[in-house]
Amino acid sequence: MIDDMLRTPSAVRDAERYTAHNYHPLPVVISSAEGSWLIDVDGRRYLDCLAGYSALNFGHRHPELIRAAHQQLDRLTLTSRAFIHDQFADFCRELAALCGKELVLPMNTGAEAVETGIKVARKWGYQVKGVAPGQATIVVADGNFHGRTTTIVSFSTDADARDDFGPYTPGFTVVPYGDLAALEAAIDGNTVAVLLEPIQGEQGVVLPPEGYLPGVRRVCTERNVLFVADEIQSGLGRTGRTFACDHEGVVPDMYLLGKALGGGIVPVSAVAADADVLGVLRPGQHGSTFGGNPLACAVGTEVVRLLATGEFQRRSAELGERLRAGLEGLLGKGLVAVRVRGLWAGVDIDPTLMTGRQACERLMERGVLAKDTHGSTIRLAPPLVITADEIDHAVAQLAAVLAG
Ligand SMILES: *Cc1c(COP(=O)(O)O)cnc(C)c1O
């Protein structure tokens with residue numbers, strides 16, 4: 001087909017023309033999808049190796065999730081929390097059970113879950129721990145990604161995310177990720193929480209050293225500080241367990257969840273914690289018009305039920321080993337480092353060969369969609385419904401790209 005018969009170029013142009021340029025998308029225009037596969041406006045097929053930054057852990061249009069959404073669309077979609085609806089209790093109870101926590105507070109986006117976690121930790125600090133008014137601090141890690149609100153970017157160490165968005169919200173102390181001694185030294189009597197990603201996704205799927213998360217748990221308990229785990233990207237099956245913290249037997253005081261919780265259909269996020277923590281919120285102190293709406297709860301409940309079977313965690317663990325073996329086979333053949341946990345891989349390309357962006361463009365030409373992050377790193381996070389053959393296909397395409 002000659003180029004001017006393709007719909008993609010003009011669709012790319014129009015998309016660029018009428019929006020703020022806060023993303024730099026690959027020049028591909030998707031029109032439909034199923035499972036692990038995407039189809040563009042010109043009918044070309046792509047294997048999805050990003051899965052909506054893990055919002056699509058169950059694949060595109062998982063039949064159970066679509067059925068739950070359709071059924072709910074035909075009954076009730078929104079009440080606001082001024083009234084109670086009949087999907088709310090099931091969602092909160094089943095999600096709390098999945099997390100092993102007593103209470104759940106549903107919101108919409110991941111950033112809202114993080115903001116909720118920060119507010120709850122501060123209120124807990126003043127009301128339960130007895131921190132003097134206005135003095136609460138939260139310890140965070142460098143290289144973090146917790147979202148895009150003004151408070152959250154205040155403690156980002158990424159210049160793009162932070163610069164020119166001040167004045168910044170005070171009350172955060174940044175320490176090196178993975179350094180337990182530095183974290184412990186940063187805690188004082190005003191510290192109310194440690195907020196961490198158990199694996200840093202945006203940073204390039206960076207795993208902390210073994211023993212770090214159990215160490216953080218121990219220090220938080222000893223110093224009466226809440227351990228808040230941002231599992232928005234790492235949680236809900238991505239790493240081969242329900243939560244990334246599970247790999248080291250660590251239970252945080254608060255889970256922050258999002259992305260896959262909405263099944264790739266609607267934004268659903270949540271904070272899960274016990275009553276001694278989440279119970280500090282009283283009526284009027286926090287909320288969201290759409291948070292915990294009937295459609296979100298119907299889809300979210302089905303997500304929790306899919307996870308409760310353990311099937312997706314199992315697939316992620318087993319197929320993740322296949323992905324690891326394939327990627328490690330490319331070390332020295334264009335890859336300089338590979339980090340894998342379940343179906344989640346950070347892959348460092350030899351920077352003298354090409355940038356991560358170039359690698360993703362060439363993968364796109366070969367029918368595989370992935371996303372670069374930070375220079376020469378690309379991240380692979382396919383839907384957990386991907387098959388062994390499809391993983392081999394993705395690895396083969398990466399091998400071909402690296403071979404030039
Ligand atoms: C994506 C993400 C967020 C923010 O979620 P949004 O839904 O984009 O607001 C927060 N924390 C982590 C670890 C994430 O990956």
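As a basis for the values below, the full set of heavy atoms in this structure was taken, side chains included, without hydrogen atoms, waters or symmetry mates.
- Nearest approach of Arg148 to Ala111, heavy atoms of both residues: N-CB, 4.3 Å.
- Here the CZ-OH distance, from Arg238 to Tyr53, works out to 13.5 Å after rounding to the nearest 0.5 Å.
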What verdict does the side chain to side chain contact (heavy atoms under 4.5 Å, CB included) test give for Leu327 and Val347, after you've listed the backbone C-alpha separation in whole Å, the side-chain angles of each residue and the deciding distance to 0.1 Å? CA-CA 8 Å; Leu327 293 173; Val347 172; 3.8 Å; yes
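- For Gln313 and Ser316, the side-chain atoms include no donor-acceptor pair closer than 3.5 Å.
- Under the 30°/60° scheme for interplanar angles, the aromatic rings of Phe155 and His146 are found to be tilted.
- Shown here is Glu34, whose CD atom has no more than 12 heavy atoms of other residues, nucleotides or ligands within 6.0 Å.
- Residues Val338 and Arg324 form no side-chain contact, since every pair of their non-hydrogen atoms from C-beta on lies 4.5 Å or further apart.
- For the residue pair Gln203/Glu197, the side-chain donor-acceptor check at 3.5 Å is not satisfied.
- Judged purely by distance below 3.5 Å, without hydrogens or angles, the side chains of Asp389 and Thr387 never pair a donor atom with an acceptor atom.
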Can you check salt bridge (Lys or Arg N to Asp or Glu O under 4.0 Å) on Glu318 and Arg314, steps first, answer last? CA-CA 6 Å; Glu318 287 171 15; Arg314 217 159 27 241; 5.2 Å; no
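- Here the side chains of Val29 and Arg7 are not in contact, with every heavy-atom distance at 4.5 Å or above.
- The shortest side-chain heavy-atom distance between Val139 and Phe172 does not fall under the 4.5 Å cut-off.
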What do the steps show when you test Val194 against Ile138 for side chain to side chain contact (heavy atoms under 4.5 Å, CB included), and what is the final call? CA-CA 6 Å; Val194 171; Ile138 295 176; over 6 Å; no
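- Around the CZ atom of Phe290, the shell of radius 6.0 Å holds no more than 12 heavy atoms that belong to other residues, nucleotides or ligands.
- Listed for the His62 side chain is no donor-acceptor partner under 3.5 Å among the backbone atoms of Leu306.
- When all heavy atoms of Ala141 and Val174 are compared, the pair lying nearest together is C-CG1, 3.9 Å.
- A heavy-atom distance below 4.5 Å is found between the side chains of Leu398 and Leu330.
- At most 12 non-hydrogen atoms from other residues, nucleotides or ligands lie less than 6.0 angstrom from CG of Asp164.
- Across Thr242, Leu257, Val104, a single residue satisfies side-chain contact (heavy atoms from CB on, under 4.5 Å) together with Leu98, and that is Thr242.
- Across Ala244 and Ile199, no two heavy atoms sit closer than the pair CB-CD1, 4.2 Å.
- Note: Leu195 CG to Leu256 CG = 6.5 Å, rounded to the nearest 0.5 Å.
- The backbone N or O of Thr109 sits less than 3.5 Å from a side-chain atom of Ser269, completing a donor-acceptor pair.
- In this structure, a donor-acceptor pair under 3.5 Å is present between the side chains of Arg44 and Thr8.
- In this structure, Gly204 and Thr377 approach most closely via the heavy-atom pair CA-CG2, 4.0 Å.
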Does the salt bridge (Lys or Arg N to Asp or Glu O under 4.0 Å) test come out yes or no for Arg75 and Asp86, once each step is laid out? CA-CA 11 Å; Arg75 293 178 52 236; Asp86 66 358; 2.6 Å; yes
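- With respect to the salt-bridge test (charged N to carboxylate O, under 4.0 angstrom), the residues Arg67 and Glu302 do not qualify.
- Using a 4.5 Å cut-off on side-chain heavy atoms (C-beta onward), Tyr46 and Val28 make contact.
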Take Phe91 and Leu261 through the test side chain to side chain contact (heavy atoms under 4.5 Å, CB included) and record every step on the way to the result. CA-CA 11 Å; Phe91 173 62; Leu261 193 55; 4.1 Å; yes
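- Residue Asp163 holds its CG atom at 8.5 Å from CG of Asp158, rounded to the nearest 0.5 Å.
- For the atom pair CZ (Phe83) and CZ (Phe88), the distance works out to 14.5 Å, reported to the nearest 0.5 Å.
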Give the intermediate values and the outcome of salt bridge (Lys or Arg N to Asp or Glu O under 4.0 Å) for residues Lys101 and Asp253. CA-CA 9 Å; Lys101 295 295 183 190; Asp253 299 295; 5.3 Å; no
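- In summary, the side chains of Ser156 and Arg162 do not present any donor paired with an acceptor at a separation below 3.5 Å, with no hydrogens or angles considered.
- Remark: side-chain polar atoms of Asn224 are not paired, donor with acceptor, to backbone N or O of Lys129 under 3.5 angstrom.
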Run the numbers on Arg45 and Asp40 for salt bridge (Lys or Arg N to Asp or Glu O under 4.0 Å), then give the verdict. CA-CA 7 Å; Arg45 278 162 54 83; Asp40 78 3; over 6 Å; no
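- Counting heavy atoms from C-beta on, the side chains of Ile386 and Trp37 never come closer than 4.5 Å.
- Between the side chains of Arg282 and Gln285, no donor N or O sits under 3.5 Å from an acceptor N or O.
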Please lay out, stage by stage, how Gln72 and Gln87 fare under the test side chain to side chain contact (heavy atoms under 4.5 Å, CB included). CA-CA 9 Å; Gln72 195 56 42; Gln87 301 298 305; 3.3 Å; yes
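- Tested against Arg305, the residues Glu94, Glu64, Glu311 include a single salt bridge (Lys or Arg N to Asp or Glu O under 4.0 Å) partner, Glu94.
- The backbone N or O of Leu73 sits nowhere less than 3.5 Å from a side-chain atom of Thr77 that would complete a donor-acceptor pair.
- Annotation: side chain of Leu103 is not in contact with side chain of Val277 (no heavy-atom distance under 4.5 Å).
- Side chain of Thr19 to main chain of Ala15: no donor-acceptor pair is present (N/O by atom type, distance under 3.5 Å, no hydrogens or angles).
- No donor-acceptor distance shorter than 3.5 angstrom exists from the side chain of Tyr177 to the backbone of Leu207, with no hydrogens or angles considered.
- The aromatic rings of Phe312 and Phe58 sit perpendicular to each other, their planes meeting at more than 60°, with 30° as the lower class boundary.
- Salt bridge status for Glu115 with Lys119: absent, with no side-chain N to carboxylate O gap under 4.0 Å.
- Under the 3.5 Å distance criterion, the side-chain polar atoms of Asp274 are matched with a main-chain donor or acceptor of Glu102.
- Side-chain N or O atoms of Thr157 include none that pairs as donor or acceptor with a backbone N or O of Asp142 at under 3.5 Å.
- In this structure, the separation between OG1 on Thr239 and CZ on Arg241 is 8.0 Å, given to the nearest 0.5 Å.
- When the shell of 6.0 Å around CD of Glu210 is examined, it contains 12 or fewer heavy atoms from other residues, nucleotides or ligands.
- Between the side chains of Ser288 and Asn108, at least one donor N or O lies within less than 3.5 Å of an accepting N or O.
- Ionic pairing of Arg339 and Asp348 is present here: one or more N-O contacts between side-chain nitrogen and carboxylate oxygen are shorter than 4.0 angstrom.
- Scanning all heavy atoms of the two residues, the minimum distance from Leu47 to Ala394 falls at CD2-CB, 3.9 Å.
- Inter-residue side-chain proximity for Trp344 and Val340 is flagged as unmet; no heavy-atom pair is nearer than 4.5 Å.
- Proximity of a side-chain donor or acceptor of Asp14 to a complementary backbone N or O of Ala11 within less than 3.5 Å is not detected.
- Formation of a donor-acceptor pair under 3.5 Å by the Lys259 side chain with backbone atoms of Gly235 is not found in this model.
- Nearest heavy-atom pair across Phe165 and Asp160 is CE1-O, 3.9 Å.
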